[in-house]
Amino acid sequence: MSRRFEAPKGTFDQLPPASGSRAEVERIMLEQARLAGYQPIETPIFEDTAVFARGVGEATDVVQKEMYTFSDKGGRSLTLRPELTAGVVRALIEHGRLTTGLTKVVCSGPQFRYERPQAGRQRQFSQVDIEAMGSDAPAIDADVVLVGHEVFRRLEIPVTLLLTSLGDPVCRPAYREALLAFLNGLGDKLPAAARARAEQNPLRVLDMKDPLVEELTAEAPLMRDFLCGACKAHDEAVRELLAGAGVEWVEAPRLVRGLDYYVRTTFEWQAGSLDAAQNALGGGGRYDGLSEALGGPPAPGIGWALGLDRTVLALEQAGRLPADPWRLDALVLPLVPAAVVPAQGLVRDLRRAGLVADLPYVERTLNGHMKAAAKAGARTVVILGEQELAAGQAAVRDMTARDQLPVPLDQVVDHVRRVAGGGAP
RNA sequence: GUGAUCGUAGCUCAGGUGGUUAGAGCGUCGGGUUGUGGUCCCGAAGGUCGGGGGUUCGAGUCCCCUCGGUCACCCCA
């Protein structure tokens, strides 16, 4: 026997029926985006390495140690996308979509980061992402957040929205200096890891989990108190709009992003139900300036992404996974050779009517077929035996009611629709 | 990248101090007499004990290496 293979480290397979629930979560997110006017966009899974290096930021951990970078046979340096925003912005710039007006897009798909896997953190992971580019109006910030609010509402999953403003190139440098001064003032009381981080990106010291660091930085200056007039006005307008839309949030002045492009409005949804370190189900923020960094025209933007795998995990733990929508409405069962052709025709008609219909394809006793149909959750079984054929009928069994009726062949579709549509658990 | 922990049938797990043909439950398949279901009864299939090396008369059980899972740090959605 030859060697058996396993999925590569940090990747996983999605098999039915769990894959059905997962697809349903993705569908709900895409649907909410569509209702809010976001149009589908698709970009390559790999890009010129520089797109991410410049877009995400040379100094970030993502770029420095987590990218899947390789050379193709033409000697180009390419990178499997570690996130979606940079590629989307590159595409919008390339096709001249950022010169005028507002562009709202949504996309979904796998991304890749070389990390040590754990629950909710895989080397290949999927996100559903929305981006709105071309406006710095606070209303668009609220619009983007509202999409997420509705998604989590529909999924009936308890989340907390963390919200803050990271300032902009006008006010952040002064804050950075103040924070750095504060951290330096702590001297060697600060652990080495924190001091090292302070040199790279002092803001990130604020979200370290080391209790000692938390204690030492309890009185650290906060960006919130350093916002310039424009940022402050923007922030207040966003909050007013969100409050008006009934969105609740928690102030998170220490919320920090690991991607360099974020400015001003920044947010994250945390799962209350997810008992894991990776509990951010979705997050994002404003990234004015990213377009310019990628060689495009000035075009402010904001967006966020839903972590699909984590959201499914959280739904699982909360016992709220959406039902798998692939359950059979009708299993059509030809009992004699002469019934095979009419059965195929029935299946075609049922499917045309939008019902999930299938044949068994395997040899089994009638008893066996019934057992299998029950186990699979089929709502009806349409039996075509000798007697039924002779009468031009099918026996349609309602599996929930355990009730069976002879139905003329040309009425089977309507009958199944009535039975299957009615009693949905 | 650092630390910890685990790895026995498709799934969840048993397998004292190493000792004949490795077990259970669930699941799967078949049967419980003519064409009818999830409970019940009977039966069957299914395992190079993650992989490699070592110690030993003998290893699923001990040692080393390696691969993978999980958890925390780190990072992030």
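Inspection of the A:D141 and A:H234 side chains reveals an N or O donor paired with an N or O acceptor under 3.5 Å.
Taking only side-chain nitrogens and oxygens, A:Y114 never comes nearer than 4.0 Å to OP1 or OP2 of B:C74. Phosphate contact (OP1/OP2 of B:G35, side-chain N/O of A:R397, threshold under 4.0 Å): absent. Contact annotation: A:R257 side-chain N/O to B:A77 OP1/OP2 distance is under 4.0 Å. In terms of phosphate contacts, A:N367 brings no side-chain nitrogen or oxygen within less than 4.0 Å of OP1 or OP2 of B:G35. The shortest distance between the side-chain N/O atoms of A:K375 and the OP1/OP2 oxygens of B:U28 is below 4.0 Å. For the OP1/OP2 pair of B:U36 and a distance below 4.0 Å, the side-chain nitrogens and oxygens of A:Q404 include no atom meeting the criterion. Here A:R364 reaches the OP1 or OP2 of B:C29: one of its side-chain N or O atoms lies under 4.0 Å away.
Annotation: A:F267 is not in aromatic contact with A:W249 [ring centroid separation under 6.0 Å not met].
With rounding to whole Å, A:L166 atom CG is found 12 Å from B:C76 atom P. B:G68 atom P lies 13 Å from atom CD of A:Q122, rounded to whole Å.
Within the 4.0 angstrom heavy-atom criterion, no nucleotide atom of any strand lies near A:L306. Among the atoms of the strands shown, none is found under 4.0 Å from any heavy atom of A:G303. The residue A:G283 sits close only to the backbone: its heavy atoms come under 4.0 Å of sugar-phosphate atoms, none of a base. Among the protein residues, A:L333 comes within range of no part of the nucleic acid, since none of its heavy atoms lies under 4.0 Å from any strand. Within the nucleic acid shown, A:R116 comes within 4.0 Å of at least one base atom, counting heavy atoms only.
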